[in-house]
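What follows is a short report on a single structure.
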Amino acid sequence: MTGRIRIDENLYTAIHKCTRCGQCTYGNGEAGFEELCPLQMKGRFFTYSAGGLMQVARALYEGKIPFSESIRDLVYLCTTCGACEVNCGVIGDQVDIFTIIKGGLRENGVPLMEAHRVVEENMLKSKAPYGGRLAGRNAWLSKDLRKSLSPRSEVFYYVGCVSSYRETEISSAFAGILSTLGISFTVSDEEWCCGAPLYFSGNEEGARDYARHNVGAIEESGASTVVITCPTCSLMFKKYYPRWLKGALDFQVLHVTEYLEGLMEEGVLKLGSLQEEMRVSFHDPCHLGRGQGVYDAPRKILAEIGGLEMAEARRSKQNSLCCGGGGLLTTGFPDHADFLANQRVMEMKDTGADLILSACPACKENLKIAARKTRPRKRVLDLVELVGRVLV
Ligand code: SF4
Ligand code: SF4
């Protein structure tokens, strides 16, 4: 199918600057220049890399190659992990360029993969990527926790779809922490998905509607701080919502690790000790670390917990390896998502860790499945759940 992607001059110039060096597929010296790009791990030649996709984008822009299902299947192998963005010394907007390619595929009549079409259908029907009959968005709230809600609070907890419907231990743990600390907060039945599944499948216009709706619901609540337990949602709010809504939001947006770190510094949050001493390995979620530059907050919180010894994985922080849970990979290419999760869990197990920890419901979901295969079996938790267990 012929056609061109629509990019502005700045992005075209950025694409032109790609030197095809391949550095985008590797971490830096701290990680021994080990490979990091999940796309490269699948294809093993240059086309399967950010640099390769830059050449694809250029050829599409110049009308030299047609849009096709094979380009779709290549670009959807990218997990949007951002390792290329931090390791390339030349370009910094790779993931946005991939999204423009996906938008071009749509505009030029290339159908979504069936699994992604179903996700989009679910989004339009239920404002969440999941199908079937969904319980109410806030059905996870226990009767007791409901009592702590206050409709006009300073703090708005934006829960996100994974913590609302699947990893509800995370939302319950965070609401429990707020309730124990006596911090009044609100949630909203009017919350919609953050829009990431639409944006990361090239439907930016659709994702903007979700941004407008969510921002409207939060503004109506009068909250001044929005706390989010999912890094993909907080990335949408911090990076894309202001861009789409043409200006800064009227409220502060924090990932839960940033919020808890702040409470700790104010002396509001005090952490005790684990019942048994434990080695813990922390997996940096891609959209939290590389996406938002948040590496220290989770580590500072963990350092306050007694009896906890940190065991850093070989590839961590900026050089963290994606767990495979992002960019619609689990729906489009579940085998590759499993492969990545297995790699990550084995690497964290090799640190001698008793517990694998993350700060993202999608990472937890994906790593948990892989950890079931480890012997002895490793447990996977979200940092919020651990904090909930050691509150003083
Ligand atoms: S995207 Fe950056 S790191 Fe990758 S090949 Fe191009 S210039 Fe090199
Ligand atoms: S975002 Fe991650 S998976 Fe996608 S090309 Fe960059 S390094 Fe590879």
Side-chain angles (χ1 to χ4, degrees), residues 7 10-29 31 33-61 71-102 105 116 196 199-202 231-232 235-236 239-240 283-293 315-341 343-344 360 362-363 366:
I7 47 174
N10 290 339
L11 283 183
Y12 184 56
T13 307
I15 290 169
H16 252 284
K17 285 184 183 162
C18 172
T19 58
R20 309 182 202 189
C21 62
Q23 178 54 46
C24 45
T25 59
Y26 299 100
N28 65 23
F33 301 104
E34 278 199 70
E35 64 180 356
L36 290 185
C37 170
L39 174 62
Q40 171 73 188
M41 287 176 199
K42 181 71 179 176
R44 297 280 172 218
F45 62 98
F46 184 66
T47 305
Y48 287 77
S49 70
L53 287 177
M54 291 302 107
Q55 310 315 312
V56 169
R58 184 162 122 173
L60 286 169
Y61 179 78
I71 290 178
R72 175 197 68 191
D73 296 348
L74 170 69
V75 73
Y76 275 90
L77 274 166
C78 163
T79 65
T80 73
C81 75
C84 50
E85 293 190 342
V86 299
N87 287 306
C88 168
V90 187
I91 309 166
D93 298 308
Q94 282 87 340
V95 174
D96 285 350
I97 293 169
F98 308 154
T99 311
I100 291 169
I101 296 176
K102 291 170 181 169
L105 287 161
H116 294 152
Y199 178 64
F200 288 127
S201 59
T232 300
L235 180 69
M236 287 289 131
K239 178 174 177 183
Y240 294 102
H283 166 75
D284 291 273
C286 301
H287 288 168
L288 182 65
R290 289 185 287 255
Q292 294 164 61
R315 291 175 279 193
S316 75
K317 299 185 183 170
Q318 177 173 329
N319 293 310
S320 182
L321 174 67
C322 175
C323 74
L328 299 167
L329 194 76
T330 50
T331 37
F333 297 95
D335 290 351
H336 194 45
D338 285 352
F339 165 80
L340 292 165
Q343 288 248 324
R344 189 57 173 156
C360 167
C363 293
N366 215 34

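Just so you know, ligand 1 is whichever comes first in the structure, and atom 1 is the first atom listed for that ligand. Since we're looking at a predicted model, the values are computed, not measured.
Remark: distances from the non-hydrogen atoms of Cys84 to ligand 1 are all 4.0 Å or more.
When all heavy atoms are compared, the tightest approach of Leu235 to Gln292 is N-NE2, 3.4 Å. Contact record, Asn28 with Gln318: ND2-NE2, 4.1 Å, taken as the closest heavy-atom pair.
Between atom 8 (Fe) of ligand 1 and Cys21 there is an N/O/S contact shorter than 2.8 Å. Taking 2.8 Å as the threshold, Cys37 does not count as a candidate ligand of atom 2 (Fe) of ligand 2, since none of its N, O or S atoms lies below it.
Taking CG of Leu60 as the reference point, atom CD1 of Ile15 lies at 9.0 Å (rounded to 0.5 Å).
Side-chain contact, Thr79 with His336: no donor N or O sits under 3.5 Å from an acceptor N or O.
Atom 6 (Fe) of ligand 1 has Cys18 SG, 2.4 Å as its closest protein atom, hydrogens excluded (heavy atom only). For atom 4 (Fe) of ligand 2, the closest heavy atom belonging to the protein is Cys78 SG, 2.4 Å. Counting only heavy atoms of the protein, atom 2 (Fe) of ligand 1 lies nearest to Cys88 SG, 2.3 Å. Atom 3 (S) of ligand 1 has as its closest protein heavy atom Cys24 N, 3.2 Å.
Considering only non-hydrogen atoms, atom 7 (S) of ligand 1 lies nearest to Thr19 out of Ile91, Thr19, Thr25, Leu53.
If you number the atoms of ligand 1 from 1 as listed, the ones under 4.0 Å from a heavy atom of Gln23 come out as 3 (S).
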